[in-house]
**Q** 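A single structure is presented below for examination.
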Amino acid sequence: MNLREKYDIPPQTVITIAGTVGVGKSTMTKALAEALNFRTSFEKVDTNPYLDKFYEDFEKWSFHLQVYFLAERFKEQKRIFEYGGGFIQDRSIYEDTGIFAKMHYDKGTMSPTDYETYTNLFDAMVMTPYFPHPNLLVYLEGPIDAVIGRIQERGREMEQQTPNDYWIEMHERYENWINNFNSCPVLRLDINDYDLLKNPEAIESIVSRISHMLKQTSHLRK
Ligand SMILES: Nc1ncnc2c1ncn2[C@@H]1O[C@H](COP(=O)(O)OP(=O)(O)O)[C@@H](O)[C@H]1O
Ligand SMILES: Nc1ncnc2c1ncn2[C@H]1C[C@H](O)[C@@H](COP(=O)(O)O)O1
């Protein structure tokens, strides 16, 4: 019996993993998908044609990058829908607008016109009754020092060259964002409470908490 059956998690469940850059979403996505025998939906970082350019010049590329991410995530959403669920998704579509686009608009690195065009597009595509929300958003949180340590350890060049202030501001925004998030049920996990690299069996207690939360919120889906 696999963990999905053991903890009675419906096979069509869609779980999205949210949290700031470097916090451990991809690691969690892989571990959960393996444990539950679900498909994965990853952000494609290496093949993103705007990401390097964006980190070199936020002002010039922030609109292009947001539109690109929106299109990519929407295609993934369609793929998840076509399979009938059973997915773990690395980063939610809600973070694109709630964190990234808003942060760049507030900092002045996305123009008001571009921000309005982007949010109109986002709302028309996502905030409709036709858009399937995930069954659960698993939010990963941890101290900023640990997060910056992980970004450094991972070693993506464009992120290494970005000043720490950027990650600190993002970390603070994430706190506010998750405290006000209500588009789907949320399970918050502190990265100090598990270590999937040193102790992969820790995934079972996470699956158990996910199962509990899904049961508690199942009435919302009916
Ligand atoms: N429990 C952990 N302890 C230490 N490092 C970790 C842990 N989980 C993930 N990492 C490392 O942190 C870095 C960022 O993790 P990743 O899953 O890519 O984050 P994200 O997808 O949120 O950006 C990677 O180098 C990864 O190996
Ligand atoms: N919507 C986004 N706007 C700007 N940058 C973004 C957006 N979504 C992801 N990113 C960046 C942040 C990281 O450098 C990479 C991948 O994110 P990660 O949290 O490491 O999975 O893309």
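For ligands, and for the atoms within them, numbers begin at 1 and follow the listed sequence. Predicted model only: the values in this text are computed from it and were never measured.
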**Q** Which ligand 2 atoms does Leu51 reach within 4.0 Å, using its non-hydrogen atoms?
**A**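 Within the 4.0 Å cut-off of Leu51, ligand 2 contributes 11 (C), 15 (C), 22 (O).
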
**Q** Count the heavy atoms of every other residue, nucleotide or ligand shown that sit under 6.0 Å from NZ of Lys107, and state whether that count exceeds 12.
**A**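 Result for NZ/Lys107: enclosed.
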
**Q** Considering the heavy atoms of Glu159, write down every atom of ligand 2 situated less than 4.0 Å from one of them.
**A**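 With Glu159 as reference, the close atoms of ligand 2 come out as 13 (C), 14 (O), 15 (C).
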
**Q** In the protein, what heavy atom is nearest to atom 27 (O) of ligand 1, and what distance, to one decimal place, separates them?
**A**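 Its nearest protein heavy-atom neighbour is Leu197 CD1, 3.8 Å.
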
**Q** For atom 11 (C) of ligand 1, what's the nearest protein heavy atom and its distance?
**A**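 So the nearest neighbour among protein heavy atoms is Glu153 OE2, 3.8 Å.
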
**Q** So do Tyr68 and Asn48 actually touch side chain to side chain, heavy atoms under 4.5 Å?
**A**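 They are in side-chain contact.
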
**Q** For Tyr174, which of Val23, Val147, Ile99, Val21 qualifies under side chain to side chain contact (heavy atoms under 4.5 Å, CB included)?
**A**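 Running side chain to side chain contact (heavy atoms under 4.5 Å, CB included) over Val23, Val147, Ile99, Val21 with Tyr174 returns exactly one hit, Ile99.
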
**Q** Find all atoms of ligand 2 within a distance of less than 4.0 Å from any non-hydrogen atom belonging to Arg91, and give their numbers and elements.
**A**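 Numbered from 1, ligand 2 contributes 8 (N), 9 (C), 17 (O), 18 (P), 19 (O), 21 (O).
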
**Q** Hey, does Pro143 have a side-chain heavy atom less than 4.5 Å from the side chain of Asn192?
**A**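 A side-chain contact exists here, since the closest heavy-atom pair is under 4.5 Å.
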
**Q** Where is the nearest protein heavy atom to atom 20 (O) of ligand 2: which residue, which atom, and how far?
**A**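 Here the closest protein heavy atom is Arg156 NH1, 2.9 Å.
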
**Q** Say whether Thr27, considering both its backbone and side-chain N or O atoms, lies within less than 3.5 Å of an N or O atom on ligand 1.
**A**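 Thr27 vs ligand 1: N/O contact under 3.5 Å present.
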
**Q** Identify, for atom 21 (O) of ligand 2, the protein heavy atom at the shortest distance, and state residue, atom and that distance.
**A**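 Of the protein heavy atoms, Glu43 OE1, 2.5 Å lies nearest.
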
**Q** Rounded to the nearest 0.5 Å, how far does CZ of Phe131 lie from CZ of Phe74?
**A**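 One finds 6.5 Å between CZ of Phe74 and CZ of Phe131.
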
**Q** For His104 and Glu59, indicate whether the former's side chain and the latter's backbone hold a donor-acceptor pair under 3.5 Å.
**A**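 Here the side-chain-to-backbone pair does not exist.
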
**Q** Give the contacting part of Asn48 toward ligand 2: side chain, backbone, both or neither, where contact means a heavy-atom distance below 4.0 Å.
**A**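 Under 4.0 Å from ligand 2, Asn48 contributes no heavy atoms.
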
**Q** Under 4.5 Å between side-chain heavy atoms, counting indirect links through other Ile/Leu/Val/Met/Phe/Trp/Tyr residues: same cluster for Tyr194 and Leu36 or not?
**A**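 Same hydrophobic cluster.
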
**Q** Test of understanding: given a 4.0 Å heavy-atom threshold, classify the contact between Arg73 and ligand 2 as side chain, backbone, both, or neither.
**A**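 The answer is the side chain of Arg73.
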
**Q** Taking Glu56 first and then Lys53, would you say they form a salt bridge - that is, a charged N and a carboxylate O separated by under 4.0 Å?
**A**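 Answer for the salt bridge query: no.
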
**Q** In plain terms, say whether Glu204 and Lys6 are close enough for a salt bridge, that is, a side-chain N and a carboxylate O under 4.0 Å apart.
**A**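 Looking at Glu204 and Lys6, the cut-off is met.
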
**Q** For Glu76, is there an ion pair with Arg79 - N to carboxylate O distance below 4.0 angstrom?
**A**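 Here Arg79 pairs with Glu76 in a salt bridge, since their nearest N and O are under 4.0 Å apart.
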
**Q** What I want to know is whether Gly24 and ligand 1 share at least one N or O pair that is separated by under 3.5 angstrom.
**A**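 Yes: some nitrogen or oxygen of Gly24 is under 3.5 Å from one in ligand 1.
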
**Q** Which residue holds the protein heavy atom closest to atom 23 (O) of ligand 1, what is that atom called, and what is the gap in Å?
**A**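 The answer is Arg154 NH1, 2.7 Å.
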
**Q** Are any of the N/O atoms in Arg156 less than 3.5 Å from those in ligand 1?
**A**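 Looking only at distances, the answer is no, because the N/O contact criterion of under 3.5 Å is not met.
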
**Q** May I ask you to decide if Glu43's main-chain N or O and Gln89's side chain share a donor-acceptor pair within less than 3.5 Å?
**A**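 Such a contact is absent between Gln89 side chain and Glu43 backbone.
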
**Q** Using a strict 4.0 Å cut-off to heavy atoms of Leu65, name the atoms of ligand 2 that fall inside it.
**A**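 Per the distance check, 3 (N), 4 (C), 5 (N).
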
**Q** For Val14, does its backbone N or O pair with a side-chain atom of Asn135 as donor and acceptor, under 3.5 Å?
**A**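 Yes, Asn135 side chain to Val14 backbone: donor-acceptor pair under 3.5 Å.
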
**Q** Quick test: of every protein heavy atom, which one is nearest to atom 1 (N) of ligand 1, and how far off is it to 0.1 Å?
**A**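 I find the closest protein heavy atom is Asp195 OD1, 3.0 Å.
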
**Q** Run the numbers for me: atoms of ligand 1, each under 4.0 Å from some heavy atom of Lys25, listed by number.
**A**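 Selected atoms, number and element: 17 (O), 19 (O), 20 (P), 21 (O), 22 (O), 23 (O).
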
**Q** Under 3.5 Å, N or O to N or O, is Trp167 touching ligand 2 that way?
**A**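 N/O-N/O distance under 3.5 Å: no.
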
**Q** Examine the proximity of ligand 2 to Arg154 and report which part, side chain or backbone, both or neither, has a heavy atom under 4.0 Å away.
**A**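 Answer for Arg154: side chain.
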
**Q** Got an N/O contact under 3.5 Å between Thr20 and ligand 2?
**A**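 No, no N or O pair falls under 3.5 Å.
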
**Q** Report yes or no: does Ser62 contribute a side-chain atom to a donor-acceptor pair with the main-chain N or O of Thr109 at less than 3.5 Å?
**A**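 The answer is yes, because a donor-acceptor pair under 3.5 Å joins these two groups.
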
**Q** Kindly identify the option in Phe100, Phe42, Trp61 whose heavy atom sits closest to atom 4 (C) of ligand 2.
**A**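 Of the listed residues, Phe100 has the closest heavy atom.
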
**Q** Answer yes if the ring centres of Phe54 and Phe69 are under 6.0 angstrom apart, and no otherwise.
**A**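 No.
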
**Q** With heavy atoms only and a cut-off of under 4.0 Å, state how Lys25 meets ligand 2: side chain, backbone, both or neither.
**A**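 Looking at Lys25 and ligand 2, just side chain atoms fall under 4.0 Å.
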
**Q** Hey, is Glu34 close enough to Lys30 for a salt bridge, meaning N to O under 4.0 Å?
**A**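 The answer is no: the pair does not qualify as a salt bridge.
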
**Q** Tell me which protein heavy atom sits closest to atom 3 (N) of ligand 1, plus the residue, atom name and distance to 0.1 Å.
**A**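 For atom 3 (N) of ligand 1, the nearest protein heavy atom is Arg150 NH2, 3.3 Å.
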
**Q** Under 4.0 Å from a heavy atom of Tyr55: which atoms of ligand 2 are those, numbered in the order shown and with their elements?
**A**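 Heavy-atom distances to Tyr55 below 4.0 Å select 11 (C), 12 (C), 13 (C), 14 (O).
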
**Q** Show me which atoms of ligand 2 lie under 4.0 Å from any heavy atom of Asp96.
**A**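 Answer for ligand 2: 1 (N), 2 (C), 8 (N).
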
**Q** Would Gly22 count as a contact residue for ligand 1, given that I'm defining contact as a non-hydrogen atom of the residue lying under 4.0 Å from a ligand atom?
**A**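 Yes, Gly22 has heavy atoms under 4.0 Å from ligand 1.
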
**Q** Students should be able to answer this: which protein heavy-atom is nearest to atom 3 (N) of ligand 2, and at what distance?
**A**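 Protein heavy atom at minimum distance: Gln66 NE2, 2.6 Å.
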
**Q** Closest non-hydrogen protein atom to atom 7 (C) of ligand 2, residue and atom name please, with distance?
**A**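 Of every protein heavy atom, Phe69 CE1, 3.2 Å lies nearest to atom 7 (C) of ligand 2.
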
**Q** Check Val45 against ligand 2 and report side chain, backbone, both or neither, counting heavy atoms closer than 4.0 Å.
**A**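 The answer is the side chain.
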
**Q** Got a sec: does the CD of Glu157 have more than 12 other heavy atoms crowding it under 6.0 Å?
**A**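 No, because the 6.0 Å sphere around CD of Glu157 holds 12 heavy atoms or fewer from other groups.
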
